[in-house]
Amino acid sequence: MKLDYRYYKTIDSTNLEIKRLFQQGASEGTIASAGTQIAGRGRTGHSWKSPEDVSVATSLLLTPPEDFPMDRIPRLTVLAAMSVVRSVEELYHLDCGIKWPNDILIGKRKICGILTEMEAQKGHVRYVVVGIGVNVHQQPEDFAPEISDMATSLDIELMKQNPHRRDLRAGRKAVIEGIWKNFTEIYRVFLETEGSLEGIREEYNRHLVNRNERVRILDPAGEYEAKAIGMARDGSLEIQLDDGRTKLVDSGEVHVRGLYGYA
Ligand code: BTN
């Protein structure tokens, strides 16, 4: 896939920009990144803060083949999570964890969020936008009080790991390019295998936080506790209930929390 990078100093949302570019004829591989988003979108209708020039907000346009099974599109979020983890570990040697399905953590604090959106028509996917936000240069006081004990940035973590190197800073361009280079490699295999996650499942599960630990399942039908086993072949989370039975839970239906807070 040929990557076509576009940069905006300020934009409403890079996901929205990719949708507009698609309508104007842009092709797969088009990437919109911004210094700041004034209407950044998060999952479940939340907003996503991308304050000026301190974070990465980047989105990629994909047009999967017409016959690609639509029910496998949500798995792209798992590919995106793996791409971020690989890039942060390659570039900065910071150990990342994944909170299923797609929050990236360092030391149990969130460093990245991913929002995948698609448009379908007559049972076919027209396009998919994979949007990724990474906290890069924020300092602890930059996070809003309600998220300050759940969030971190690459610079904060670099400083923690290298207290004697005050000059160390992450780079937004390097992060963006690293993520999409890794993503295109993983996506190629994903398409070749008709949407299988087997190429990355083991690596993903090695990074899964709460693996083999008790978690709280926030099911709209009623919350309960279980043991998290790992991401299953279809991208769902396999859990073990207290009576020993195993069960798959879907990210569209439930949220998972650690027993003592967000992760
Ligand atoms: C989440 O809620 O965790 C997902 C956040 C996704 C944010 C990214 S930033 C780039 C892209 N543009 C958006 O408006 N949202 C995504």
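This one's a predicted model, so the numbers in the text were calculated from it and none came from an experiment. Only this structure's heavy atoms are used, side chains among them; waters, hydrogens and symmetry mates stay out.
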Group every Ile, Leu, Val, Met, Phe, Trp and Tyr by side-chain heavy-atom contacts under 4.5 Å, then state whether [X] and [Y] land in the same group.
| X | Y | value |
| --- | --- | --- |
| W180 | L61 | no |
| Y5 | V84 | yes |
| I98 | L218 | no |
| V54 | M150 | no |
| V189 | M1 | no |

Point to revise | L62/Y127 under side-chain contact (heavy atoms from CB on, under 4.5 Å): CA gap, chis, key distance, verdict | key: CA-CA 6 Å; L62 296 175; Y127 68 89; over 6 Å; no

Any donor-acceptor N/O pair, [X] side chain to [Y] backbone, under 3.5 Å:
| X | Y | result |
| --- | --- | --- |
| R201 | M231 | yes |
| S153 | Q138 | yes |
| H207 | G97 | no |
| K99 | V256 | yes |
| S196 | T193 | no |
| T30 | A26 | no |

Point to revise | side chain to side chain contact (heavy atoms under 4.5 Å, CB included) involving Q24 - partner list, sequence neighbours excluded | key: R20, L21

With rounding to the nearest 0.5 angstrom, report the [atom1] to [atom2] distance, [X] to [Y].
| X | Y | atom1 | atom2 | result |
| --- | --- | --- | --- | --- |
| E157 | N162 | CD | CG | 11.0 Å |
| Y204 | I186 | OH | CD1 | 12.0 Å |
| D12 | N15 | CG | CG | 10.0 Å |
| N102 | T77 | CG | OG1 | 5.5 Å |

Point to revise | Residue pairs, two or more places apart or on separate chains, that pass salt bridge (charged side-chain N to carboxylate O under 4.0 Å, His left out) and touch residues 30-59 | key: K9-D53, R41-E117, R43-D103, D53-R172

Salt bridge check, [Y] against [X]: does any charged N sit closer than 4.0 Å to a carboxylate O?
| X | Y | value |
| --- | --- | --- |
| E177 | K181 | no |
| R216 | E223 | yes |
| E203 | R86 | yes |
| D167 | R169 | no |

**Study point:** Matching residue for C96 among V85, V209, I111 - test: side-chain contact (heavy atoms from CB on, under 4.5 Å)
**Key:** V85

Revision key, fill the gap. Checking V125, I73, V128 against F68 for side-chain contact (heavy atoms from CB on, under 4.5 Å), the one that qualifies is I73

Could you pull out the closest heavy-atom pair between [X] and [Y], with the gap in Å?
| X | Y | value |
| --- | --- | --- |
| S50 | A57 | OG-CB, 4.0 Å |
| R233 | E198 | CG-OE2, 3.7 Å |
| L208 | G230 | CD2-CA, 3.7 Å |
| T58 | S33 | OG1-OG, 2.9 Å |
| A34 | I11 | CB-CG2, 3.6 Å |
| L105 | K110 | CD2-CA, 3.7 Å |

Review point. Parallel under 30°, tilted from 30 to 60°, perpendicular over 60°: which one fits the rings of Y187 and F183?
Key: parallel

Study note, to complete from the structure: Residues passing the ring pair (Phe, Tyr, Trp, His ring centres under 6.0 Å) test with W100, sequence neighbours excluded, are none

Review point. Is the number of heavy atoms from other residues, nucleotides or ligands under 6.0 Å of Q139 CD greater than 12?
Key: yes

Review point. Is atom NZ of K160 surrounded by more than 12 heavy atoms (other residues, nucleotides or ligands) closer than 6.0 Å?
Key: yes

Practice item. Please assess N135 against S55 for the test side-chain hydrogen bond (donor to acceptor under 3.5 Å, both in side chains), listing each intermediate value before the final yes or no. Key: CA-CA 5 Å; N135 300 329; S55 59; 5.6 Å; no

Exercise for review: Evaluate the side-chain proximity of E194 to R72: yes if any heavy-atom separation is below 4.5 Å, no if none is.
Suggested key: yes

Point to revise | Under 3.5 Å side-chain donor-acceptor pair for T246 and Q240 | key: no

Review point. Is there a donor-acceptor contact under 3.5 Å linking the side chains of N182 and S87?
Key: yes

